[in-house]
Protein chains: 2
Amino acid sequence: MKLIDIVGGTPLPLAYRIAFITNFYREPLLRRMEREFGLMRPEWTILICLNFRDALNPRDICEITEQPRNTISRGVAALVRKGLVEQASDPEDARRVVLRLTDAGRAMYDAVMPMFVEGEARLAATLTEAERRTLQELLDKLCRNVGHWRS
Amino acid sequence: MKLIDIVGGTPLPLAYRIAFITNFYREPLLRRMEREFGLMRPEWTILICLNFRDALNPRDICEITEQPRNTISRGVAALVRKGLVEQASDPEDARRVVLRLTDAGRAMYDAVMPMFVEGEARLAATLTEAERRTLQELLDKLCRNVGHWRS
DNA sequence: CAAAAACTGTTCCACATGGAGCAATTCCGT
DNA sequence: ACGGAATTGCTCCATGTGGAACAGTTTTTG
């Protein structure tokens, strides 16, 4: 009796399998990240956002990730304490704070990300190249239509 | 600037899209469940397990779901308080407890599940029938090979 | 047969997270 | 230009969750 047997028997053929994969892929890696790098999840989220586009406001990150403001606020504070992010005041709006990755912040991103990439590689290794391409296209279609199905 | 743009730009083409879908599908529905039905997530997990196969031990549920013992213990205690689950002592092993859904427990399951089914229907509606079948097969292949890629 | 080891379920404790409210600043309507 | 509304970021608070230790029971080992 394993979880997959139950998952296969529920009336949620897609959603449960997707949640199942998320649980067993992401959760253990996030735990390891917390243990080995001392990064909390919101901090990692912020690093990802800033690595993709620098000089964001906390508000932008909230909008992008749809996480509560206080969560992002605490995450930023922790990253600043660790010297991974610098905050400057926005000259155009005194309420806003401009966030930038420091070199240490980029180094942290480069140190953590390979762990997830390796997990992705193991995941992808169970599929053929054609299957991978197909799966990615279908998932991408779902993601891009998030506005139609999000609850 | 939306999350999907960042997701598409990371070196995790599959995993990030899957996590993205999980976040925007499951999270809002779980919040609604907590609000409207007063069920916590571990309690819902336990209901799903017992609906699939009755007379499980807490230990079984821990093994199936790979959740910590104390989480399941608290969930069971809450469900018993609410009259959704009954616990009896196992005559073969005094350490063990046998869990069974009550009629109210089954009714709760039947009341909550349609919410998730509806969300699944919206999700599936963005794909054609053939795409749905293909996606389910690929996801199923990943799930069944969880032993090869789990971290 | 006795003692150590393993197992099951619970409780205690630390803490990460989300909601509500707050101060400071900017925007908008009149 | 002025006063109310909206926005931004932060702090307090309640709580859900996981790790570690614990008591009771069973199994294994010497």
Side-chain angles (χ1 to χ4, degrees), chain A residues 23-24 26-47 49-50 55-82 85-100, chain B residues 23-24 26-47 49-50 55-82 85-100:
Chain A
N23 272 348
F24 286 94
R26 189 178 56 174
E27 210 58 28
L29 292 177
L30 288 173
R31 299 283 169 84
R32 231 181 93 194
M33 181 192 72
E34 293 170 352
R35 264 199 327 273
E36 298 182 9
F37 297 92
L39 274 187
M40 296 295 108
R41 292 153 197 229
E43 302 172 39
W44 179 232
T45 303
I46 295 167
L47 284 187
C49 290
L50 289 178
L56 293 170
N57 307 123
R59 189 207 160 278
D60 298 326
I61 300 180
C62 290
E63 187 181 345
I64 292 169
T65 65
E66 312 218 2
Q67 294 205 356
R69 290 192 298 280
N70 52 4
T71 297
I72 300 301
S73 178
R74 262 191 310 258
V76 168
L79 290 170
V80 169
R81 262 198 310 278
K82 296 172 185 174
V85 163
E86 285 177 341
Q87 40 189 359
S89 52
D90 187 331
E92 299 195 354
D93 190 332
R95 293 170 302 183
R96 291 184 179 165
V97 173
V98 179
L99 305 173
R100 292 182 192 280
Chain B
N23 272 349
F24 286 96
R26 190 177 56 173
E27 210 59 28
L29 291 178
L30 287 173
R31 299 283 167 84
R32 231 182 94 194
M33 181 192 72
E34 293 170 352
R35 264 200 327 274
E36 298 183 8
F37 295 93
L39 273 187
M40 297 295 107
R41 291 154 198 231
E43 302 172 40
W44 178 233
T45 303
I46 295 166
L47 284 187
C49 290
L50 289 177
L56 293 170
N57 307 123
R59 188 206 159 278
D60 298 326
I61 298 179
C62 290
E63 188 181 343
I64 291 170
T65 65
E66 312 218 1
Q67 296 207 352
R69 290 191 297 280
N70 50 7
T71 297
I72 299 300
S73 178
R74 264 191 310 258
V76 167
L79 289 170
V80 168
R81 263 197 310 278
K82 297 172 183 173
V85 164
E86 284 177 341
Q87 42 188 357
S89 52
D90 188 331
E92 300 193 354
D93 190 334
R95 294 171 301 186
R96 291 186 179 161
V97 172
V98 179
L99 304 174
R100 291 180 193 282

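In what follows, chains carry the letters A, B, and so on, assigned in the order in which the sequence lines appear, proteins first and then strands, with residues in each chain numbered from 1. Just so we're clear, the structure is a prediction, and the values are computed from it rather than from any experiment.
A:Leu47 has its side chain within reach of A:Leu39: a pair of non-hydrogen atoms, C-beta onward, lies under 4.5 Å apart.
Contacts of residues 68-82 of chain B with DNA chain D (heavy atom under 4.0 Å): B:Pro68, B:Asn70, B:Thr71, B:Arg74. Contacts of residues 32-41 of chain A with DNA chain D (heavy atom under 4.0 Å): none.
One distance of note links CD1 of B:Ile61 with CG of B:Leu50; it measures 4.5 Å at 0.5 Å rounding. Taking CG of B:Leu30 as the reference point, atom CE of B:Met40 lies at 10.5 Å (rounded to 0.5 Å). Atoms CD1 and CD1, from B:Ile64 and B:Ile46 in turn, are 11.0 Å apart once rounded to the nearest 0.5 Å. Taken from CZ in B:Arg100 to CD in B:Gln87, the straight-line distance is 12.5 Å, to the nearest 0.5 Å. Distance check: A:Arg95 CZ to A:Asn57 CG gives 10.5 Å after rounding to the nearest 0.5 Å.
Between A:Asp90 atom CG and C:dC27 atom P the separation is 11 Å, expressed in whole Å. Counting to the nearest Å, the P atom of C:dA16 and the CG atom of A:Leu30 are 14 Å from each other. Atom CG of B:Asp93 and atom P of C:dT8 are 8 Å apart (whole Å).
OP1 or OP2 of C:dA24 has not a single side-chain nitrogen or oxygen of A:Arg95 nearer than 4.0 Å.
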Distance-only criterion, 3.5 Å: show the donor-acceptor pairs between side-chain atoms of residues 72-82 of chain B and protein atoms not counting sequence neighbours.
residue	atom	partner	partner atom	Å
B:Lys82	NZ	B:Gly38	O	2.7
B:Lys82	NZ	B:Glu43	OE1	2.6

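Under the side-chain hydrogen bond (donor to acceptor under 3.5 Å, both in side chains) criterion, B:Glu34 pairs with B:Arg41, sequence neighbours left out. Applying the salt bridge (charged side-chain N to carboxylate O under 4.0 Å, His left out) test to A:Arg59 and every residue at least two apart in sequence or in another chain returns A:Glu63.
Between A:Glu92 and A:Pro42, the residue anchored closer to the 5' end of DNA chain C is A:Pro42, taking for each the nucleotide with the nearest heavy atom. For the pair A:Arg31 and A:Asn57, nearest-nucleotide mapping onto DNA chain D gives the more 5' position to A:Asn57.
Taking each heavy atom of A:Cys62 and A:Pro68 in turn, the nearest pair found is SG-O, 4.1 Å. Nearest heavy-atom pair, B:Asp90 versus B:Glu92, reported as atom, atom and distance to 0.1 Å: OD1-N, 2.8 Å.
First and last contacts of DNA chain D with chain B, using any nucleotide atom under 4.0 Å from a protein heavy atom and ordered 5' to 3', fall at D:dG16 to D:dT26.
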